[in-house]
There are 2 protein chains.
Amino acid sequence: MSIDGQLPPKTRLLRAAAGLLAKSGGAAVSTRQITQLAGVTAPTLYHHFGDKEGLFDAVVAAGFEEYVARERDFAPSGEPLEDIRRMWDQHVHFGLKQPELYLVMFGNIRPESRPAVVADAEALMEEMLNKAAVAGQLAVPPKEAARSILAANVGVTLMLITEKAPERNLELSAMTRDAMIFAVSTEQARDSGPDSGKSPVVVAAIALNAALQASHSDQLSSSELKLFLEWLHRISTSSTS
Amino acid sequence: MSIDGQLPPKTRLLRAAAGLLAKSGGAAVSTRQITQLAGVTAPTLYHHFGDKEGLFDAVVAAGFEEYVARERDFAPSGEPLEDIRRMWDQHVHFGLKQPELYLVMFGNIRPESRPAVVADAEALMEEMLNKAAVAGQLAVPPKEAARSILAANVGVTLMLITEKAPERNLELSAMTRDAMIFAVSTEQARDSGPDSGKSPVVVAAIALNAALQASHSDQLSSSELKLFLEWLHRISTSSTS
DNA sequence: CACTTCATATAGCGTTGCTATAGGTGCTAG
DNA sequence: CTAGCACCTATAGCAACGCTATATGAAGTG
């Protein structure tokens with residue numbers, strides 16, 4: 001059960017901590033557990049890492065290296081904004097694959113103390129956004145864009161982590177991702193139209209009715225569609241308000 | 001320094017915990033600090049609240065009540081989307097004004113365990129988005145929109161909390177907020193290129209869906225309605241390939 | 001060999017969340 | 001008035017925590 005080999009104690013501590021952190025299911029991991037698994041006593045830990053957080057930072061640094069490395073390998077596509085998209089997805093993927101490690105990195109939030117790893121992640125994203133800016137695809141300063149996107153990215157990942165695996169809906173991520181990228185990009189050609197009005201059930205039903213007839217949606221079979229339209233007609237001719 | 005008056009110990013514990021939590025600057029607050037300030041001994045705490053987390057949950061519940069109350073008071077403006085905007089801002093404001101309380105509510109993340117308060121906040125936002133959906137202003141199902149917006153909202157707030165107060169840039173919040181709201185709304189793509197945005201069918205279906213759930217129309221029997229809603233759901237979640 | 005330096009161990013401090021047990025307090029029943 | 005009962009609170013202390021003062025061993029250098 002212990003981590004032996006003739007590896008130096010420092011390495012054994014790192015592996016023990018990473019292993020326990022990965023298996024613990026988010027529960028707290030004590031220094032005693034770590035030192036015991038590493039086959040080492042307490043002072044050794046504090047000699048090498050200062051304190052518990054120092055150890056965790058070291059573990060996180062290793063995890064982040066892996067994260068960044070995968071990031072950079074994939075980087076060189078022609079489209080900077082497409083790279084950002086992939087960066088977002090890998091961020092989420094990393095968080096869901098190693099939730100405990102991710103939470104040590106991004107979930108350990110305290111006021112006025114920003115973990116170094118956040119700044120690193122921000123720098124990485126900013127660097128990529130810079131390319132987009134050079135290409136004239138950015139409508140916002142890269143720094144602000146990076147912070148904004150990263151904030152949303154972390155928020156989404158944290159929310160997905162709190163969900164039980166089977167229920168996870170990655171659509172949430174994709175949608176938020178595209179919203180953020182679209183918002184900072186220059187491709188928007190918005191034109192706020194004169195909208196309005198309230199549409200109660202009847203109006204909505206009428207709109208749907210018209211829209212359905214005009215488009216060839218294949219979400220419903222023809223027999224289903226027929227019955228659907230009949231009900232729709234019933235609703236839209238009723239006088240609810 | 002102690003909380004006296006002749007208030008019952010349960011109340012004193014709540015106030016002591018809330019007070020310490022607010023002042024502690026994010027540092028951990030111990031049960032001994034709390035019980036001492038409340039002028040009470042340990043077993044009293046555990047008799048009333050079960051454990052430390054139970055106490056904090058109670059404090060959070062109170063804080064959330066305040067949060068929701070302020071929310072609802074401001075709610076009734078004409079424009080649902082404007083209400084969402086204000087909701088976002090109040091969320092951020094609440095987080096920055098009481099960071100410690102906010103972190104207990106939203107920052108205490110663990111895998112597979114979603115705090116009840118998150119679900120409540122999500123429900124509150126979904127409720128508001130429903131109004132927007134009824135008005136035909138939503139291009140996405142309210143549930144998904146709520147989760148997405150809330151995720152980004154929490155992410156931004158957490159990021160702002162980690163910054164030291166003087167450096168806080170609320171532009172980050174405003175920008176992310178508008179990006180998310182814009183993304184779920186129908187105001188985009190009104191003049192519309194080929195593949196920009198959802199088709200009218202989808203928008204109408206979403207609006208009708210929300211409207212039907214809001215007003216109990218009796219034009220359809222319950223079994224018919226069930227099937228009808230199922231089809232509607234199929235349409236409104238279809239991608240605009 | 002003496003001396004320094006680095007690395008690990010022994011033992012224990014102070015604090016944490018929590019609890020087994022017992023004692024008070026106020027109520028209703030006889 | 002007293003007996004019993006349910007509720008609430010206190011005394012005292014356990015096990016686990018992060019961490020450290022101090023000591024011992026090993027390795028290299030003059």
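Numbers restart at 1 for each chain; the letters A, B, ... are given by sequence-line order, proteins then strands.
- Sorted by first and then second residue, the salt bridge (Lys or Arg N to Asp or Glu O under 4.0 Å) pairs involving residues 171-184 of chain A (not counting sequence neighbours) are A:R85-A:D178, A:D89-A:R177.
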(message) Does A:I181 form a side chain to side chain contact (heavy atoms under 4.5 Å, CB included) with A:W88? I'd like the steps, not just the answer.
(response) CA-CA 10 Å; A:I181 293 178; A:W88 174 293; 5.6 Å; no
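- Side chain of B:K52 to backbone of B:L45: no donor-acceptor contact under 3.5 angstrom is found.
- A salt bridge links A:E163 with B:R147: at least one charged nitrogen is closer than 4.0 Å to a carboxylate oxygen.
- Residues passing the side-chain contact (heavy atoms from CB on, under 4.5 Å) test with A:P142 are A:E126, A:L129, A:N130, A:A133, A:L138, sequence neighbours excluded.
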Distances for protein N/O vs nucleotides 13-17 of chain D N/O pairs under 3.5 angstrom?
{"residue": "D:dC17", "atom": "OP1", "partner": "A:S30", "partner atom": "OG", "Å": "3.2"}

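- At the phosphate of D:dC8, OP1 or OP2 sits under 4.0 Å from a side-chain N or O atom of B:H47.
- Annotation: ring pair (Phe, Tyr, Trp, His ring centres under 6.0 Å) contacts involving residues 89-109 of chain B, sequence neighbours excluded, comprise B:Y67-B:H91, B:Y67-B:F94, B:H91-B:Y102, B:H91-B:F106, B:Y102-B:F106.
- If you measure from atom CG of A:L45 to atom P of C:dT10, you get 16 Å, rounded to the nearest angstrom.
- Each of B:H48 and A:G50 lies near DNA chain D, and the nucleotide nearest B:H48 is the one positioned closer to the 5' end.
- Judged as a side-chain contact (heavy atoms from CB on, under 4.5 Å), and not counting sequence neighbours, the contacts of A:A18 are A:V59.
- Atom CG in B:L13 sits about 15 Å away from atom C1' in C:dC18, given to the nearest Å.
- Contacts of residues 53-62 of chain B with DNA chain D (heavy atom under 4.0 Å): none.
- The phosphate of D:dT20 has neither OP1 nor OP2 within less than 4.0 Å of any side-chain N or O from A:Y46.
- In this structure, CZ of A:F49 is placed 16 Å from C1' of D:dG18, rounded to the nearest angstrom.
- Defined by atom type and a distance below 3.5 Å, a donor-acceptor pair is missing between the side-chain atoms of B:T35 and B:T41.
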